[in-house]
Amino acid sequence: MAHYKRDQASNRDALFGGASSGGGGGGGRKSRPSSTRSAASPTAATVRPATSPTSAVPRPSPRAVAAGPHSTLGSTSSTPTNDPQITLGPSSVFGGKIASRNRLVSILNGQAKIDKMAEAEDYRLKAKQAMTRGIFSKPDPISAANFYKRAADAYKACGENRLERLHRIASGDLQMGQDAYATAAAEYTRAAELAEISDETLARKRQECHKLHSDAATAWANMGEKGRSAESAVKAAFGLIMGQEVTAAIDKKALARIEESIETFVPDPLNRKRNYRREGISAYDDPNADPNDQSAQRAALELAKQNIVTDSYANETLFQIGAELIRRRHYESALYALGAGTASLEAEGFATISLSRAYVSETILTLAIGDTVAASQDFQRVHLQRTSYLSSRECALGEDLIRACDAMDLDALDEARSKTGPHRAALANLEPALRGLVLEIRVSGRAKKEKKSVDVVSKKPAKTAVAVAPAAVASPTKFPSTSPKADLSSEDILKETAASFEEMDDLMEDMGLGDDDEEDDDEIDLT
């Protein structure tokens, strides 16, 4: 019966990748625990060894992770993930707590790690053998892909970032060749997450992250998963700005990729804010078509309706893109993203509160750009046509902001955006980036960051005094004193300003550009 049990275990491990398969029979499994228990290593005093060499050590506490011998995959990253001024990887930006929780995986140590590394190497050799052509055999990509995946899982347990990443990519490439798109996309995504926390240079991490997420987007698109393909495209675009300062401007190449990823969610023919796109052209625009051809526009609109993404929570990704662009002060591109999110909610047909917040976000961003007329037109022609929006708190906030900017009433604007005012509840439900943007709205012009005042009032009189000093001097042989002068009074400033204007009038008259003939022109009788 012993040989039957060994063969049964070996067959089960070969088919399903059991955790207890180490390339040998049952005799090897009986001898390993004794060597593990007898090993006098420094880790034995901290964590009790497992009964099986390939079983993972129980997940340590946060203190043990920080000070103990066990580490996590996230600890190998050279990127300062704790710095709020640095852009994190796309999996952290758009994954939230899920991505950070998946990275906290226990890592094997000691003899258990050695055995697991040997197991991974055995899987790698089997995958290589499966892809070898023989006299009576041909390459088997499916088996090789599965072996590469098992090797990657083994390297994951050992905390080998680079080896796991390489085997994930190899498995994904083989799965793509066999039309197993879902598995390939999962492998590419996992490899991209590993690239974010690897020890490579920043430029290489950006390149790998962008390439792997792009491959995942292609795999999802081939499978017909438009929503997941769009999410992977967004992550690929934001992989180009990983490690950059949060408030730094985005280069044109990365901004073009971000706007292309926005269009994968909502095509431009359905986006009312498509004119705010800064880089690139729409994929639905035919450069050879006549702009006035109505049939071509209707065909593009029908195609866009078929490709719009209306999956659950798809709009949240678009609003998050808009918030990231607002932090970097790309207001036009952010409005383009918010318009796509609004179109997604309108196409869904069920949203009420989320749609109201989307409308007021468009209003705030349009006012921040300085286009009060466009904000008023959208408010009257689009927003107010939605019945659910009329009775919302967001509608009252948007109306008061538009009125204050239209009347150029700074007091009314301050009251509308006050934290203790009547719209504090509507402001509290907005994104933090939008709440900060409301405070920067001005009654005229584009929203700008408030700079620290450097006593501008005292500088202007000094410049005026220097400019008129030579004209006020009677003798050309005397030079102005270099000693610091006292501050001029308001009357002195007015007198010197009037003298400057008189001198300018004299110069204009000498050049023949005086206005002495204006009175004569008025006296001409045209009857």
Side-chain angles (χ1 to χ4, degrees), residues 85 87 93-94 234 237-238 240-241 244-263 265-266 268 271-282 315-345 356-379 382-383 394 397-398 400-402 404-406 408 410 413 416-417 426-427 429-451:
Q85 301 299 326
T87 304
V93 174
F94 297 97
V234 170
F238 274 84
L240 296 174
I241 62 174
Q244 186 178 340
E245 291 186 5
V246 174
T247 57
I250 303 175
D251 59 348
K252 292 184 178 181
K253 179 181 177 181
L255 187 60
R257 296 294 181 270
I258 292 174
E259 291 179 344
E260 289 175 2
S261 65
I262 294 173
E263 192 179 11
F265 279 95
V266 178
D268 282 359
N271 191 349
R272 287 192 302 270
K273 304 298 182 182
R274 57 183 174 272
N275 294 329
Y276 290 94
R277 183 172 180 173
R278 299 292 93 186
E279 301 293 336
I281 59 175
S282 173
N315 58 292
E316 292 187 359
T317 303
L318 293 170
F319 293 145
Q320 194 168 0
I321 295 174
E324 294 294 332
L325 292 173
I326 289 174
R327 293 188 184 96
R328 293 160 178 83
R329 312 194 76 79
H330 291 279
Y331 293 150
E332 287 79 6
S333 300
L335 187 56
Y336 173 68
L338 293 182
T342 304
S344 178
L345 289 173
S356 299
R357 295 173 183 172
Y359 282 158
V360 75
S361 299
E362 288 184 355
T363 301
I364 292 172
L365 198 50
T366 308
L367 292 176
I369 293 175
D371 197 348
T372 308
V373 177
S376 179
Q377 289 179 354
D378 290 342
F379 182 76
V382 180
H383 301 171
E394 289 77 10
L397 172 61
D400 289 349
L401 290 176
I402 292 175
C405 293
D406 193 15
M408 293 188 177
L410 184 58
L413 180 61
R417 62 189 179 185
L427 290 171
N429 293 326
L430 296 177
E431 287 282 342
L434 281 170
R435 285 200 301 268
L437 186 61
V438 172
L439 301 177
E440 299 178 10
I441 294 178
R442 301 191 298 178
V443 293
S444 63
R446 188 182 180 91
K448 296 181 179 179
K449 282 187 176 180
E450 295 183 359
K451 298 181 180 180

Aromatic plane relationship, H383 with Y359 - under 30° parallel, 30 to 60° tilted, over 60° perpendicular
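Correct class here is parallel.
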Residue pair L318, L338: steps toward the side chain to side chain contact (heavy atoms under 4.5 Å, CB included) verdict
CA-CA 7 Å; L318 293 170; L338 293 182; over 6 Å; no
Which pair of non-hydrogen atoms, one from [X] and one from [Y], has the smallest distance, and what is that distance?
X    : Y    : answer
L365 : L335 : CD2-N, 3.2 Å
A416 : L397 : O-CD1, 3.7 Å
C405 : I441 : SG-CG2, 3.8 Å
A248 : Q244 : CB-NE2, 3.5 Å
I241 : I250 : CG2-CG2, 3.9 Å
A237 : S261 : CB-OG, 4.2 Å

Roughly how far, to the nearest 0.5 Å, is the [atom2] atom of [Y] from the [atom1] atom of [X]?
X    : Y    : atom1 : atom2 : value
I321 : I258 : CD1   : CD1   : 7.5 Å
I402 : I364 : CD1   : CD1   : 10.0 Å
D251 : R257 : CG    : CZ    : 10.0 Å
R435 : L430 : CZ    : CG    : 7.0 Å
E279 : E332 : CD    : CD    : 11.5 Å

Between S376 and V373 (side chain of the first, backbone of the second, donor and acceptor by atom type, cut-off under 3.5 Å), is there such a pair?
no
Give a yes or no answer on whether the side chain of N271 reaches the backbone of V266 with a donor-acceptor pair at less than 3.5 Å.
no
Counterpart residues, side-chain hydrogen bond (donor to acceptor under 3.5 Å, both in side chains), relative to [X] (two or more places apart):
X    : value
E324 : R327, R328
D371 : none
E259 : S333
R277 : E263, D268

Which salt bridge (charged side-chain N to carboxylate O under 4.0 Å, His left out) pairs, counting each pair once, include a residue from residues 360-369, with sequence neighbours left out?
none
Pair Q320, V234 - check side chain to side chain contact (heavy atoms under 4.5 Å, CB included), show working.
CA-CA 11 Å; Q320 194 168 0; V234 170; over 6 Å; no
Side-chain H-bond candidate by donor/acceptor type, R278 with Y276, under 3.5 Å:
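Note: R278 and Y276 side chains miss the donor-acceptor criterion.
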pair [X]-[Y]: side-chain heavy atoms closer than 4.5 Å:
X    : Y    : result
N315 : F265 : no
V382 : T342 : no
R329 : T247 : no

Run through L437, T366, L325 and flag the one making a side-chain contact (heavy atoms from CB on, under 4.5 Å) with Y331.
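Single pass found, and it is L437.
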D406 and side-chain contact (heavy atoms from CB on, under 4.5 Å): which partner among L401, T372, L367?
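So the option named by the test is T372.
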Can you confirm whether more than 12 heavy atoms, excluding those of E245, are under 6.0 Å from its CD atom?
no
Sequence-distant partners of D378, salt bridge (Lys or Arg N to Asp or Glu O under 4.0 Å), two or more places apart
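In terms of salt bridge (Lys or Arg N to Asp or Glu O under 4.0 Å), with neighbours along the sequence ignored, D378 is linked to K273.
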May I have the step-by-step check of side chain to side chain contact (heavy atoms under 4.5 Å, CB included) for E394 and T363, ending in yes or no?
CA-CA 10 Å; E394 289 77 10; T363 301; over 6 Å; no
